[in-house]
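Just so you know, residue 1 is the first one in the sequence shown, and it goes up from there.
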Amino acid sequence: MARPGSIMQLAWRLSVSPCDINIDGIVNVLDVQLMVSQALGTTACTNRLDGGATCDVIDVQRVVNAALGGACRMGL
């Protein structure tokens with residue numbers, strides 16, 4: 001992977017799906033587990049995909065949909 005702060009690293013980050021919570025290049029069950037933890041409050045809420053004030057079941061559902069091959073929907 002590119003050196004921290006490089007243009008290549010920035011391009012990589014911009015190409016990663018917002019539903020790729022762990023930023024490993026693929027949306028899968030690991031991302032779903034991380035989003036569930038955020039919705040339950042056991043980890044910090046850093047991925048508000050629906051634009052709400054907190055992480056909730058809507059955010060979890062969006063990650064699940066993306067993990068199953070659908071689009072990662074952002075906003076309302």
Side-chain angles (χ1 to χ4, degrees):
M1 187 163 189
R3 168 179 97 246
S6 72
I7 292 175
M8 291 300 291
Q9 185 186 35
L10 177 60
W12 163 257
R13 180 62 188 123
L14 292 175
S15 67
V16 173
S17 168
C19 289
D20 185 7
I21 307 301
N22 63 354
I23 312 170
D24 65 353
I26 187 166
V27 181
N28 58 23
V29 68
L30 298 175
D31 301 296
V32 173
Q33 290 172 329
L34 290 169
M35 193 69 246
V36 168
S37 293
Q38 290 183 28
L40 292 174
T42 57
T43 60
C45 177
T46 59
N47 298 284
R48 296 175 188 96
L49 300 174
D50 64 349
T54 61
C55 291
D56 55 25
V57 68
I58 296 169
D59 300 304
V60 173
Q61 186 62 58
R62 290 179 180 193
V63 175
V64 168
N65 290 345
L68 293 174
C72 180
R73 188 168 163 223
M74 295 287 296
L76 299 174

[X] side chain near [Y] side chain, heavy-atom distance below 4.5 Å:
X: Leu49; Y: Ile58; result: no
X: Leu34; Y: Thr43; result: no
X: Asp50; Y: Asp56; result: yes

Gap between atom [atom2] of [Y] and atom [atom1] of [X] - 0.5 Å precision:
X: Gln33; Y: Asn28; atom1: CD; atom2: CG; value: 8.5 Å
X: Cys19; Y: Asp59; atom1: SG; atom2: CG; value: 9.0 Å
X: Ile21; Y: Cys55; atom1: CD1; atom2: SG; value: 8.0 Å

Joint cluster assignment, Leu40 & Val60, ILVMFWY side-chain distance < 4.5 Å:
yes

Partners of Ala67 by side chain to side chain contact (heavy atoms under 4.5 Å, CB included), sequence neighbours excluded?
Val27, Val32

Please report the closest heavy-atom contact between [X] and [Y], naming both atoms and the distance.
X: Met35; Y: Val63; result: CG-CG2, 3.7 Å
X: Gln38; Y: Ala44; result: CG-O, 3.2 Å
X: Asp24; Y: Asp31; result: OD1-OD2, 4.4 Å

Applying side-chain hydrogen bond (donor to acceptor under 3.5 Å, both in side chains), name anything that partners Asn65, two or more places apart in sequence or on another chain.
Gln61

Does Leu30 sit in a hydrophobic cluster with other residues, and if so which ones, taking ILVMFWY side chains as linked at heavy-atom separations under 4.5 Å, directly or through other members?
none

Going by atom type alone, with no hydrogens or angles, which donor-acceptor pairs under 3.5 Å involve a side-chain atom of residues 68-76 and a protein atom two or more places apart or on another chain?
unit_1: Arg73; atom_1: NH2; unit_2: Leu76; atom_2: O; d: 2.6

